[in-house]
Amino acid sequence: MNDSSTNHETLLDCAIIGGGPAGLNAALVLGRSLKKTIMFDDNQPRNRVTHESHGFLTRDGINPQELKLLAQQELTHYPDVQIDTSRVAAVTKEPKSFRIETEGGEVFHARKVILATGFTETLPDIPRVQEFYGTSLFSCPFCDGYEMRSEPLVIISENEAAGHLAKVVSNWTNNLIIATNGKKHITPSEQKTLEHHGVLVYEEPIRSLDGENGKLRAITFEDGTTIERSGGFVTAEWHQSTSIAKDLGCYINERGGVETDPMQRTNVEGVFACGDISMGPAQLIIAAGQGSLAATSVVAAFTEERFGE
């Protein structure tokens with residue numbers, strides 16, 4: 001700890017790193033369980049470009065930031081929960097607790113830690129792709145497929161997920177192409193199957209995406225071919241948004257996500273993980289459910305320690 005650090009001596013029951021749906025729901029359950037909890041949220045969500053989120057019961061179509069504000073307002077009813085807008089720089093396991101240090105030098109101590117930091121994504125290096133992402137190009141058909149049903153769509157993917165994603169998206173439209181941006185990762189047999197179902201594969205590099213105000217109109221390839229498309233889906237490379245889980249010694253799965261058991265427990269005693277950090281389905285309602293389960297597991301751990309079970 002440097003000399004400018006502020007050390008908060010109170011031992012908290014739990015520190016939640018991340019304030020998305022997973023972290024928020026974990027905080028809600030812990031607050032209702034009378035556990036002294038701090039949730040760190042630097043408000044840099046992956047879905048900040050998203051205007052509407054779908055598939056969340058009673059909140060279908062809500063702006064993610066509005067959902068977040070509503071959840072934070074609900075948390076104010078629970079005096080045992082505090083929200084800190086600092087970014088956590090490091091979490092260190094100590095004999096009976098965890099030391100949490102923020103980038104501003106403040107230090108907190110908690111008996112348990114829930115990691116809900118999510119992930120960051122890197123889109124393919126294609127001109128203007130960022131301009132359309134979140135408005136007419138999306139990542140999850142279950143979240144945004146309905147709004148583009150029956151429209152002419154494109155799957156932009158530079159990896160082996162292209163074929164599978166196209167098959168899923170075919171539930172919403174029969175007018176679909178795949179653009180691999182010069183990559184040849186679709187096998188001849190898979191391409192034959194896709195084309196049998198009307199999905200054409202274009203392996204030519206993409207020259208440009210055309211449209212305005214975030215609305216895709218057409219895709220142009222290097223060979224000059226232009227195909228009208230009104231939207232679609234793009235696969236991004238996912239990465240952990242922080243190194244905290246790895247630094248703590250948490251197992252990382254083959255997708256690059258934090259490995260947990262069915263109760264959201266990691267291999268590190270006292271550390272739980274939930275939400276997009278696992279690199280699983282990136283849906284708000286799934287993340288929130290995992291946050292609830294992680295908090296329940298934290299309370300179960302305290303119960304076992306108290307009664308020696």
Side-chain angles (χ1 to χ4, degrees), residues 8-43 45 56-59 64 67-88 90-94 96-102 106-118 241-242 244-245 248 250 258 260-278 284-307 309:
H8 298 262
E9 296 296 338
T10 302
L11 180 61
L12 298 162
D13 291 313
C14 188
I16 302 169
I17 319 298
L24 287 163
N25 219 45
L28 177 61
V29 172
L30 289 172
R32 291 182 57 78
S33 301
L34 307 179
K35 301 305 177 189
K36 298 292 184 183
T37 302
I38 186 169
M39 184 184 73
F40 294 96
D41 176 24
D42 63 353
N43 198 30
F56 201 117
L57 193 64
T58 78
R59 291 293 182 266
L67 179 68
K68 185 174 188 176
L69 291 174
L70 288 170
Q72 289 176 344
Q73 180 62 35
E74 290 181 352
L75 289 177
T76 63
H77 300 303
Y78 299 95
D80 289 317
V81 177
Q82 65 179 108
I83 299 175
D84 192 302
T85 58
S86 304
R87 183 174 179 83
V88 173
V91 179
T92 307
K93 186 173 175 58
E94 297 182 332
K96 294 185 178 180
S97 65
F98 294 87
R99 180 181 184 273
I100 300 99
E101 182 170 0
T102 71
E106 289 192 291
V107 176
F108 299 81
H109 299 272
R111 296 167 63 191
K112 310 291 183 189
V113 169
I114 294 177
L115 301 177
T117 51
S241 59
T242 77
I244 292 173
L248 282 168
C250 296
V258 175
T260 66
D261 69 7
M263 296 300 293
Q264 308 303 140
R265 295 174 292 209
T266 72
N267 60 293
V268 179
E269 185 176 358
V271 179
F272 305 74
C274 54
D276 292 349
I277 195 170
S278 67
L284 297 187
I285 198 162
I286 293 176
Q290 289 184 355
S292 178
L293 186 56
T296 301
S297 294
V298 167
V299 175
F302 283 133
T303 304
E304 292 171 3
E305 291 167 9
R306 183 180 182 184
F307 288 93
E309 296 178 5

[Y] and [X], any side-chain heavy atoms less than 4.5 Å apart:
X    : Y    : result
T242 : R87  : yes
I17  : V113 : yes
E94  : H109 : yes
L70  : R59  : yes

Which residues satisfy the side chain to side chain contact (heavy atoms under 4.5 Å, CB included) test with [X], sequence neighbours excluded?
X    : result
T102 : F40, S86, E106, F108
Q72  : L24, D41, K68, L69, I83
Q73  : T76
A27  : I16, M39, L75, V81

Q | Rounded distance (nearest 0.5 Å) linking atom CD1 of I38 with atom CG of L30 | A |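 Taking CD1 in I38 and CG in L30, the distance rounds to 13.0 Å.
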(Q) Return the CG to CZ distance between L115 and F272, rounded to the nearest 0.5 Å. (A)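 Interatomic distance, L115 CG to F272 CZ, rounded to 0.5 Å: 10.5 Å.
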Could you tell me which non-hydrogen atom of [X] sits nearest to which non-hydrogen atom of [Y], and how far apart they are?
X    : Y    : result
G270 : F98  : O-CE1, 3.7 Å
N267 : C250 : OD1-CA, 3.2 Å
R265 : D261 : NE-OD2, 2.7 Å
G118 : D276 : CA-CB, 3.9 Å

**Q.** Any pair counted as salt bridge (charged side-chain N to carboxylate O under 4.0 Å, His left out), so long as it reaches residues 10-31, sequence neighbours left out
**A.**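 Of all non-adjacent pairs touching residues 10-31, those that pass salt bridge (charged side-chain N to carboxylate O under 4.0 Å, His left out) are D13-R111.
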Is there a donor-acceptor pair under 3.5 Å between the side chain of [X] and the backbone N or O of [Y]?
X    : Y    : value
T260 : A273 : no
T117 : S241 : no
K112 : F302 : no

(Q) Can you pull out every side chain to side chain donor-acceptor pair (under 3.5 Å) where at least one residue sits in residues 14-34? Sequence neighbours excluded, please. (A)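 Output for this query lists R32-Y78.
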Q) With K36, which residues qualify under side-chain hydrogen bond (donor to acceptor under 3.5 Å, both in side chains), at least two apart? A)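 Applying side-chain hydrogen bond (donor to acceptor under 3.5 Å, both in side chains) to K36 gives D80.
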Q: I would like to know whether K93 and V268 meet side-chain contact (heavy atoms from CB on, under 4.5 Å); could you show each step before the answer?
A: CA-CA 9 Å; K93 186 173 175 58; V268 179; 4.0 Å; yes
Which side-chain N or O atoms in residues 287-294 pair as donor and acceptor under 3.5 Å with protein atoms at least two apart or in another chain?
residue	atom	partner	partner atom	Å
Q290	OE1	G275	N	2.7

